Amino acid sequence: MNLLETVSALLAVVFFTSIALIYNNGAFRQKQHLYHANAYVQATITAHEVLDEIDARLFSTDLTFDGIETEYNTTRTASLAHNGETFIMTITAVDADSTGVPLSAPMAGNIFTRVSVVVAPNAGLRHSVTMSRVYTKTHLNL
């Protein structure tokens with residue numbers, strides 16, 4: 001084997017090694033994107049479950065409209081066993097107007113309450129997830 005063949009073989013090794021590294025780096029980044037997307041979807045579902053819980057409790061008359069602010073100004077931790085994620089949710093319930101803008105001072109006889117759920121970022125979640133819903137006082141949830 002002469003010098004030209006040796007240099008060609010070394011260049012081929014370097015070329016195919018760099019191609020393999022580029023491919024593996026792309027696959028790793030794709031895996032990271034999927035992992036973060038999964039965490040975002042799980043956080044959204046977890047926040048939505050809290051809002052649905054309030055809906056269900058209001059509908060079943062297990063919770064009164066005035067009890068929303070007393071029971072749902074809290075922090076919860078949700079651990080998901082299937083993927084090992086733990087989400088910390090901050091739940092706030094405030095008096096609001098009909099569009100969900102919080103009132104500067106509580107108003108007597110207000111019929112709107114806005115509940116916001118903020119899921120804090122963790123290892124899989126890059127940004128916090130916030131979901132809000134405005135609840136209206138009716139004759140069904142007095």
Side-chain angles (χ1 to χ4, degrees), residues 1 4-142:
M1 190 163 165
L4 183 62
E5 291 172 341
T6 305
V7 170
S8 297
L10 285 174
L11 286 175
V13 168
V14 169
F15 175 73
F16 288 118
T17 302
S18 57
I19 294 292
L21 287 174
I22 290 169
Y23 175 78
N24 287 338
N25 187 25
F28 177 75
R29 282 194 325 221
Q30 183 65 28
K31 180 184 137 287
Q32 288 297 103
H33 288 306
L34 289 173
Y35 180 68
H36 293 303
N38 179 40
Y40 184 81
V41 168
Q42 292 296 327
T44 303
I45 290 170
T46 305
H48 203 274
E49 284 176 351
V50 173
L51 298 174
D52 287 346
E53 172 189 325
I54 296 171
D55 282 343
R57 290 186 65 199
L58 283 172
F59 186 72
S60 70
T61 65
D62 182 36
L63 176 69
T64 62
F65 183 80
D66 296 329
I68 294 174
E69 288 186 41
T70 57
E71 287 195 42
Y72 287 97
N73 275 316
T74 185
T75 301
R76 288 186 187 177
T77 302
S79 297
L80 306 177
H82 63 280
N83 64 0
E85 290 284 340
T86 300
F87 296 118
I88 298 172
M89 299 178 290
T90 304
I91 306 164
T92 55
V94 295
D95 285 335
D97 64 7
S98 63
T99 61
V101 176
L103 298 176
S104 57
M107 187 173 72
N110 186 28
I111 62 169
F112 300 107
T113 298
R114 185 186 79 178
V115 177
S116 296
V117 181
V118 179
V119 181
N122 61 7
L125 192 61
R126 289 184 182 176
H127 307 286
S128 61
V129 173
T130 304
M131 294 188 84
S132 297
R133 189 173 291 166
V134 178
Y135 293 96
T136 306
K137 187 175 191 176
T138 65
H139 69 284
L140 297 173
N141 56 20
L142 296 175

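Keep in mind that this is a model prediction, so the values were computed, not measured.
Glu85 is listed as a side-chain neighbour of Asn122, based on a closest heavy-atom distance under 4.5 Å. Between Leu80 and Thr86 there is no side-chain heavy-atom pair separated by less than 4.5 Å. Side-chain contact between Asn73 and Ile91 is absent, with no heavy-atom pair separated by less than 4.5 Å. Taking 4.5 Å as the limit, every side-chain heavy atom of Val134 sits out of range of all side-chain heavy atoms of Thr113. Contact of the Val115 side chain with the Leu51 side chain is registered, since non-hydrogen atoms from C-beta on lie closer than 4.5 Å. Put simply, the side chain of Val50 does not reach to within 4.5 Å of the side chain of Met131, judged on heavy atoms. Using a 4.5 Å heavy-atom cutoff, the side chains of Thr90 and Val117 are not in contact. With contacts defined as side-chain heavy-atom distances shorter than 4.5 Å, the pair Phe65/Tyr135 qualifies.
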Step-by-step side-chain contact (heavy atoms from CB on, under 4.5 Å) determination, Met89 to Thr77: CA-CA 6 Å; Met89 299 178 290; Thr77 302; over 6 Å; no

Test log, rule side-chain contact (heavy atoms from CB on, under 4.5 Å), inputs Leu103 and Phe112: CA-CA 10 Å; Leu103 298 176; Phe112 300 107; over 6 Å; no

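The side chain to side chain donor-acceptor pair (under 3.5 Å) test applied to Thr99 returns Asp97, not counting sequence neighbours. Listed by chain and residue number, Arg133 satisfy the salt bridge (Lys or Arg N to Asp or Glu O under 4.0 Å) test with Asp55 (two or more places apart in sequence, or in another chain). Not a single side chain to side chain contact (heavy atoms under 4.5 Å, CB included) links Ser18 to another residue, sequence neighbours left out. A search for salt bridge (Lys or Arg N to Asp or Glu O under 4.0 Å) contacts involving Glu69 returns nothing, not counting sequence neighbours. Listed by chain and residue number, Leu3, Leu11 satisfy the side chain to side chain contact (heavy atoms under 4.5 Å, CB included) test with Val7 (two or more places apart in sequence, or in another chain). Evaluation of the side chain to side chain contact (heavy atoms under 4.5 Å, CB included) rule for Ala43 yields Phe87, Val119, Leu125, Val129 as partners, not counting sequence neighbours. Residues satisfying the salt bridge (Lys or Arg N to Asp or Glu O under 4.0 Å) test with Glu49, not counting sequence neighbours, are none. The salt bridge (Lys or Arg N to Asp or Glu O under 4.0 Å) check on Arg114 picks up nothing, with sequence neighbours excluded. Among residues two or more places apart in sequence or in another chain, the side chain to side chain contact (heavy atoms under 4.5 Å, CB included) test is passed with Thr70 by none.
For Ala120 against Ser128, the heavy-atom pair with the smallest separation is CA-CB, 4.4 Å.
Here CD1 of Ile68 is found 9.5 Å from CZ of Arg57. Values are rounded to the nearest 0.5 Å. Rounding to the nearest 0.5 Å gives a distance of 10.5 Å between CD of Glu53 and CG of Leu58.
Judged by distance alone, with hydrogens and angles left aside, the side-chain atoms of Asp95 form no donor-acceptor pair with the main-chain N or O of Ala105 at under 3.5 Å.
Sorted pairs that involve residues 37-46 and meet side-chain hydrogen bond (donor to acceptor under 3.5 Å, both in side chains), not counting sequence neighbours, are lacking altogether.
Among the candidates Gln30, Lys31, Gln32, the single residue satisfying the side-chain contact (heavy atoms from CB on, under 4.5 Å) test with Leu34 is Gln30.
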